[in-house]
Amino acid sequence: MNQPFYITTPIYYVNDVPHLGHAYTTIVADALARFHRMLGDDTRFLTGTDEHGQKIEEAAQKRGMTPHQLVDEVAPRFAEAWRTLGITNDDFIRTTEPRHKQIVAELWKRISSAGDLYLASYQGWYCVGCEAFYTESQLVKDANDAWICTTHKRPVSWVDKERSWFFRLSKFASPLIEHIERHPEFIQPEAYRNEVLSFLRSGLRDLSVSRTSFQWGIPVPEADPDGMSHVIYVWLDALTNYYSALCDQGVMAGPLVEKFWANAIHLIGKDILRFHAVYWPAFLLSAHLPLPKTILAHGWWTVRGEKISKSMPATRIDPLKLADGLGSVSHFGMPIGIDAMRYYLLREVPLGNDGDFTFESLFGRYNAELANDLGNLINRSLTLITKFAAEAPPAYDDRFHSDGTENPSFQLESIAVETCRSVARELEACAPSRALEHAWRFVGGANRFIDQTQPWAMARGKNPALGHTLWTLQASLWLIGRLVAPVLPATSAHLRGWLGDTGPLVWPDSSTGRVLVTAPALVATMPPAPLFPRLDEKAQATILARILPNDALAAPVTAPEIRSPPDRISEILSPSDRIAAPALAPPTSLISFDDFKRLELRAGRVLSAHAVPKAKKLLHLTIDLGEAAPRSIVAGIAEKYAPEALVGRQVLVVANLAPAEIRGIRSEGMILAAGDEAILGLSALDQDVPPGTRVR
Ligand code: MSP
């Protein structure tokens, strides 16, 4: 333990404001940093902004500003966005800060004194979007015969015989190949490592590392005999941020450098792999500085198949709006929306792969994994624990926790240990998607534990194992509060609060082969509302209205699906799209208000749903009505609803209907649904209310 862990994000260009792609990298880094802090590792997390270069100078010109004005306006928007999203970076570096500029100049001097710089003139293609030089073999031609950059899909510009300092990059191909071969962890994932190796094996050309045709950059700290003034190539400047942020003012050393540098993990998008895996280590080798530990590349997010870009408004999902929209339907507001966004981004795509963002998959995962699996488990467990606490206080009892396959608490303990280890293993390997997959196996296990043990039935039967069963559930929630903390920090904080878990947020110790037993004494309370209320069509429409950029809604058909949110959202159908309802006769027999008052309607939440064997219309539901035990209700809705679609849903229940026996199953009420012969829809409320709330 207490290993140094240093994770960095790319520093973002300030010609743009934060979008979902930037947020993705930053959130991955944040989750890994949070995990390492829980392990007790000495953790440092750096992000920042890239503020020099032709691209920024041109962006400022376009807006009629000086580059200084532009960077001072936009850089704080990145810092502010990360603050709002609860990102736990320890430092935020701007390349216009003196502490950075001094170190870039120092690095230049080292490279120069190593004899790796020479003056010549550069002639060739340059992509301002990438801030990179290209050979024709790296470009493609468009219909007008112009050379096009494959990343920005824009024509590159011709730099005609510009005087430049050159870096002897060619000299470093072999040392780099050797380093990569000796250090398999240096470039990850493996596919990117192979890509870099084949690039290196094809040989390297020397690199132009200064420009004279514009001025917005760090001046080259040595004189050009021809008296020309050069600024340092923006990638040499920018890459140095990872090192300069650790340095004591003005010197290329200091305690932070000593502790963290050799442990650096640079998390980057695959688009900037070459700069990080070839140029950066070559600069460092030339300057006789150690190399970072790992370059960890992730894939690209597209939005409905389109790359996120400035010129495509429909792809520009604002992460702050997304988090705010997702949070707007939860009692707990934006922090829970942030968690939902983090969960989706980290779970949907294994790190390294490309991913396509769609609202269908976002809402699908939210409803299935956050509302149904996790949210439901938390609600069910806390309801049971608090309800039965007086008669069976949750307490560990060795008799019910010992080895034995028939013992449900012991089985859950085994899953807990296995999960705790595999989640840690995956997070250590920087694989958050797989880590979440494992964590959800335990969530599933705990939900099954409730179905299997049926604590309400244990209470009815005065079963002596009830206290231990409730303790097992409580300890499981305690464990989940930790397993999900790196990715779902707000969820973890709320859950720990409801459990009265005030201990330090450290990773659970499963080394003894038991982990639930390490949970401290807890006193659980009931949450005021579910954390992740199910998103029905109306909630989805509300969220979309808050998230989608106005220009995306108005934009021509660049990304049609984005312009119109998922088809199922009936609220946004135009009147002509709606199916005309036949005119109905008014109801015939009237009842008095007193008759109506005799009807006891209550809001309930479906805890479980199963098909009734040999009855194709019937489902057997258990429904939480806020009573000591859930109700068993048989409902004729199987032709319209799959059982798994109902779990977690809120429904309206006639609570004072005399119980009946249907197909041998006791039915203690009726749920309200629309339709005569065929069921057309299920009753619902427009917001979540505690189970048992009276409906009038
Ligand atoms: N300023 C350079 C990086 C210098 S690092 C020394 C730069 N900046 S950027 O603003 O263009 O941000 C690039 C990074 O943002 C990518 O490497 C990636 O981490 C993230 N992303 C931007 N768009 C993205 C997607 N569509 N998908 C995933 N990540 C993306 O390049």
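Note that ligands are numbered from 1 as they come in the structure, with each ligand's atoms numbered from 1 the same way.
Between W280 and W261, the ring planes lie perpendicular to each other; the angle is over 60°, past the 30° to 60° tilted range. Using cut-offs of 30° and 60° on the angle between ring planes, the pair H276 and W235 is perpendicular. By the 30° and 60° cut-offs, the orientation of the rings of Y12 relative to F78 is parallel. Ring geometry for H298 against Y24 counts as perpendicular: the plane angle is over 60°, on a 0 to 90° scale with 30° as the lower cut.
Of the protein's non-hydrogen atoms, the one nearest atom 29 (N) of ligand 1 is H298 CE1, 3.2 Å. Of the protein's non-hydrogen atoms, the one nearest atom 17 (O) of ligand 1 is G269 N, 3.0 Å. With respect to atom 3 (C) of ligand 1, the closest heavy atom belonging to the protein is I11 O, 3.2 Å. For atom 12 (O) of ligand 1, the closest heavy atom belonging to the protein is Y12 CD2, 3.6 Å. Here the heavy atom of the protein found nearest to atom 25 (C) of ligand 1 is W300 CE3, 3.2 Å. Summary of contacts: the protein heavy atom closest to atom 11 (O) of ligand 1 is Y13 CD1, 3.5 Å.
Here's the thing with W301: one of its N/O atoms is less than 3.5 angstrom from an N/O atom of ligand 1. Where the criterion is an N or O separation shorter than 3.5 Å, residue side chain and backbone included, D50 meets it with respect to ligand 1. The shortest N or O to N or O distance between D271 and ligand 1 is under 3.5 Å. Of the polar atoms of L239, none of the N or O atoms is found under 3.5 Å from an N or O of ligand 1, judged by distance alone.
Atom OH of Y122 sits about 9.0 Å away from atom CG of L207, to the nearest 0.5 Å. Here CG of L284 is found 10.0 Å from CZ of F172. Values are rounded to the nearest 0.5 Å.
Heavy-atom contacts of T25 reach the following atoms of ligand 1: 18 (C), 19 (O), 20 (C) (cutoff under 4.0 Å). Heavy-atom contacts of A238 reach the following atoms of ligand 1: 6 (C) (cutoff under 4.0 Å). The distance from ligand 1 to the heavy atoms of I308 drops below 4.0 Å at these ligand atoms: 26 (N). Those atoms of ligand 1 that come under 4.0 Å of a heavy atom in G299, given as number and element, are 28 (C).
Contacts between T9 and ligand 1, counted as non-hydrogen atom pairs separated by less than 4.0 Å, are absent for every part of the residue. At a heavy-atom cutoff of 4.0 Å, ligand 1 is contacted by the side chain of Y242 but not by its backbone. When non-hydrogen atoms are compared, ligand 1 lies under 4.0 Å from the side chain of H19 (C-beta onward) but not from its backbone.
Counting non-hydrogen atoms of neighbouring residues, nucleotides and ligands closer than 6.0 angstrom, the CZ atom of R168 exceeds 12 such neighbours.
If you run ring-ring contact (aromatic ring centres under 6.0 Å, His included) between F133 and each of F275, Y233, W125, only Y233 comes through. Of the residues listed (L85, D30, T491, V28), the one engaging R342 in a side-chain contact (heavy atoms from CB on, under 4.5 Å) is D30, and it is the only one.
Looking only at atom types and distance, the side chain of E222 has a donor-acceptor partner in the side chain of S112 under 3.5 Å away. Between the side chains of S433 and R347, a donor-acceptor pair is found at a separation under 3.5 Å.
Residue contacts with ligand 1: W280 is excluded, as none of its non-hydrogen atoms falls under 4.0 Å.
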